[in-house]
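Down below is the structure, laid out as structure tokens.
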Number of protein chains: 2
Amino acid sequence: MHILRSLPLFSTLEDSELKEIENVLMSYSYDKGQIIFSSYDGANGIYILTKGKVKLYKSFAGKEQTIRIFSPVSMMGEAGALKGGNFPANAVALDKVQVLFLPKEKLTEVIRKNPDIAMKMIGILSERLFHLVGLVENLSLKDAVSRVYDYIVHKADQNGKVEFKTTIVAMELGLTAETVSRAISQLKKRGKVKKEGKIVQLLY
Amino acid sequence: MHILRSLPLFSTLEDSELKEIENVLMSYSYDKGQIIFSSYDGANGIYILTKGKVKLYKSFAGKEQTIRIFSPVSMMGEAGALKGGNFPANAVALDKVQVLFLPKEKLTEVIRKNPDIAMKMIGILSERLFHLVGLVENLSLKDAVSRVYDYIVHKADQNGKVEFKTTIVAMELGLTAETVSRAISQLKKRGKVKKEGKIVQLLY
DNA sequence: CGAAGACTTGAAATAGATCAAGCGTTGTGG
DNA sequence: CCACAACGCTTGATCTATTTCAAGTCTTCG
């Protein structure tokens, strides 16, 4: 089964059409730290992440805010390609990354031909919107301790454990490492979590 | 010409289909301060704002963040209706407001039947995404004075004039009225803008 | 083992919010 | 048509959360 099938957008596409898409796909790889696309680039297609992690972020005046972190298999850059113009943000490889590139002409052709795909794309964009509204809520309404706590709850496994690297979490939450460190101290003091090495454990 | 025609989404729709939509529209009105929908409501349709202004916002722990302010004629709530589930945020009337409500079944039917409409809806959602990414950038990376200045540049007409109501701008930018007022003083002092009554004038 | 990087903790700095007071504008009811 | 109440705007004085700066400790791994 082709990897495109793992993408919700294309999961229901007919084999013949999938084949057509495969024919126009380009494959690229990037090393850690390399820029995959930036908000200064014209968006002439979408990227499908097949290996590695990618950080989507905005930067301005030396500061940086992470929008989201992508893991395989995900679609990236669709809003830019579908609106026309540039990408809304920058994407950087967090490790060795492999992507497939699909030109927007082919993408729009497929969408136009398949109402199901169109509806799925609409669903995906709506989901992205929800995610961003959540991010706005976090950034502007919640304080550092709540954000760190929410992060832990959100990422914890069944046993309430998370691997926790202060610096990384700080980036994801748009805080400094110092603030995250202090937040964890607070949460420990309040009996909300326990920390052993790099594992944070939720307490109930 | 029916008011639906002023909506980009429906501007190219055929008369017969427009008629069909009109038949299922419900009309509602709200007074200043009334909630039109909230993030606790199941989203079973979209709202078309035909009169008045509406604030879309998130709230948490007594604080509030405006996502955007709608003026006629705009579509509201589409991400909720198209994703399924609840609305992503709350909408409140800022003055006397009139809306049309279109059930999501009819909306999706129209989208499925018309690839043009589907592509337009995709474009609209992508635009919303850009707007939200911009909001995130503003909230986390820019200081109050830049945000107010950007707002003016963005909204200014050909002559560099904007109607400027401190309270409204404060809401849109997620700042307090006091901070916006101080920002304008700064910009005046720096010779960036002039203010006469409620009109702010960009200087070059 | 030792050096570089990651984490913690304290002290100072800062941006914006909040609190407070005064002033201008508007619009409504007498 | 006036009066005054309500609201919006401005400006000053605190207050507060988070960043920044600094120093010390811990980890890890070549």
Side-chain angles (χ1 to χ4, degrees), chain A residues 32-33 59-66 94 136-152 162-190 193-201, chain B residues 31-33 53 55 57 59-66 69 93-96 135-152 162-190 193-200:
Chain A
K32 177 174 179 171
S59 63
F60 182 80
K63 282 182 291 185
E64 197 180 295
Q65 172 62 50
T66 302
L94 291 181
V136 167
E137 181 177 5
N138 279 334
L139 288 173
S140 55
L141 303 177
K142 294 191 176 169
D143 67 17
V145 177
S146 318
R147 275 155 78 184
V148 171
Y149 185 70
D150 289 357
Y151 177 93
I152 295 167
V162 211
E163 203 216 4
F164 194 96
K165 296 196 183 179
T166 312
T167 331
I168 302 285
V169 175
M171 269 192 3
E172 291 204 50
L173 296 180
L175 299 169
T176 59
E178 292 95 326
T179 301
V180 171
S181 176
R182 284 185 249 265
I184 283 287
S185 306
Q186 274 297 314
L187 291 170
K188 277 194 288 191
K189 202 183 299 174
R190 297 194 208 157
V193 304
K194 211 166 50 173
K195 193 176 177 198
E196 283 154 352
K198 341 173 153 347
I199 301 295
V200 167
Q201 165 83 251
Chain B
D31 285 328
K32 179 172 179 171
K53 294 207 171 199
K55 176 174 71 176
Y57 69 102
S59 62
F60 181 80
K63 282 184 293 186
E64 197 181 296
Q65 172 63 50
T66 301
I69 306 254
L94 292 180
D95 29 47
K96 259 198 178 311
L135 183 57
V136 168
E137 180 177 6
N138 280 334
L139 287 174
S140 55
L141 304 177
K142 294 192 177 168
D143 68 17
V145 177
S146 319
R147 275 156 79 185
V148 172
Y149 185 70
D150 288 359
Y151 177 94
I152 295 166
V162 211
E163 204 216 2
F164 193 97
K165 295 197 185 181
T166 310
T167 332
I168 300 283
V169 175
M171 276 191 336
E172 291 204 51
L173 296 179
L175 298 169
T176 59
E178 292 94 325
T179 300
V180 171
S181 178
R182 284 185 250 266
I184 283 288
S185 305
Q186 274 296 314
L187 291 170
K188 276 194 288 191
K189 203 185 296 175
R190 297 194 207 157
V193 305
K194 210 167 54 174
K195 194 175 177 199
E196 284 155 352
K198 341 172 152 351
I199 301 297
V200 168

At 4.0 Å (heavy atoms only), tell me whether [X] reaches a base, stays on the sugar-phosphate, or touches nothing.
| X | result |
| --- | --- |
| A:T167 | sugar-phosphate |
| B:G174 | sugar-phosphate |
| A:L175 | sugar-phosphate |

Tell me if the [atom1] atom of [X] is crowded by more than 12 foreign heavy atoms within 6.0 Å.
| X | atom1 | answer |
| --- | --- | --- |
| A:K142 | NZ | yes |
| A:K165 | NZ | no |
| B:K32 | NZ | no |

Using atom [atom1] of [X] as one end and atom [atom2] of [N] as the other, report the distance to the nearest whole Å.
| X | N | atom1 | atom2 | result |
| --- | --- | --- | --- | --- |
| A:D143 | C:dA17 | CG | C1' | 14 Å |
| B:I184 | D:dG8 | CD1 | C1' | 15 Å |
| B:L94 | D:dC7 | CG | C1' | 15 Å |
| A:K165 | D:dT28 | NZ | P | 10 Å |
| A:K63 | D:dT18 | NZ | P | 15 Å |
| B:F164 | D:dG8 | CZ | P | 15 Å |
| B:L139 | C:dA15 | CG | C1' | 14 Å |
| B:E64 | C:dT18 | CD | C1' | 16 Å |

For a quick test of reading the model: is some side-chain N or O of [X] closer than 4.0 Å to OP1 or OP2 of [N]?
| X | N | result |
| --- | --- | --- |
| A:T179 | D:dT19 | yes |
| A:S185 | C:dT9 | yes |
| A:K198 | D:dC26 | no |
| B:K195 | D:dT10 | yes |
| B:T176 | C:dA17 | yes |

Let's see if you can work this out: which of [options] has an atom nearest to the side-chain heavy atoms of [X]?
| X | options | value |
| --- | --- | --- |
| A:E178 | C:dA6, C:dT9, C:dA17 | C:dT9 |
| A:A144 | D:dT18, C:dG16, C:dC7 | D:dT18 |
| A:R182 | C:dA17, C:dT8, D:dT20 | D:dT20 |

Provide the closest heavy-atom pair for B:E172 versus B:I69 in the form atom of the first, atom of the second, distance.
->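 Scanning both residues completely, I find the closest heavy atoms to be CG-CG1, 3.1 Å.
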Residues B:R147, B:E137: salt bridge by 4.0 Å N-O rule | no
Donor/acceptor link under 3.5 angstrom from B:R147 side chain onto base of C:dG16 |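 Side chain to base: no pair below 3.5 Å.
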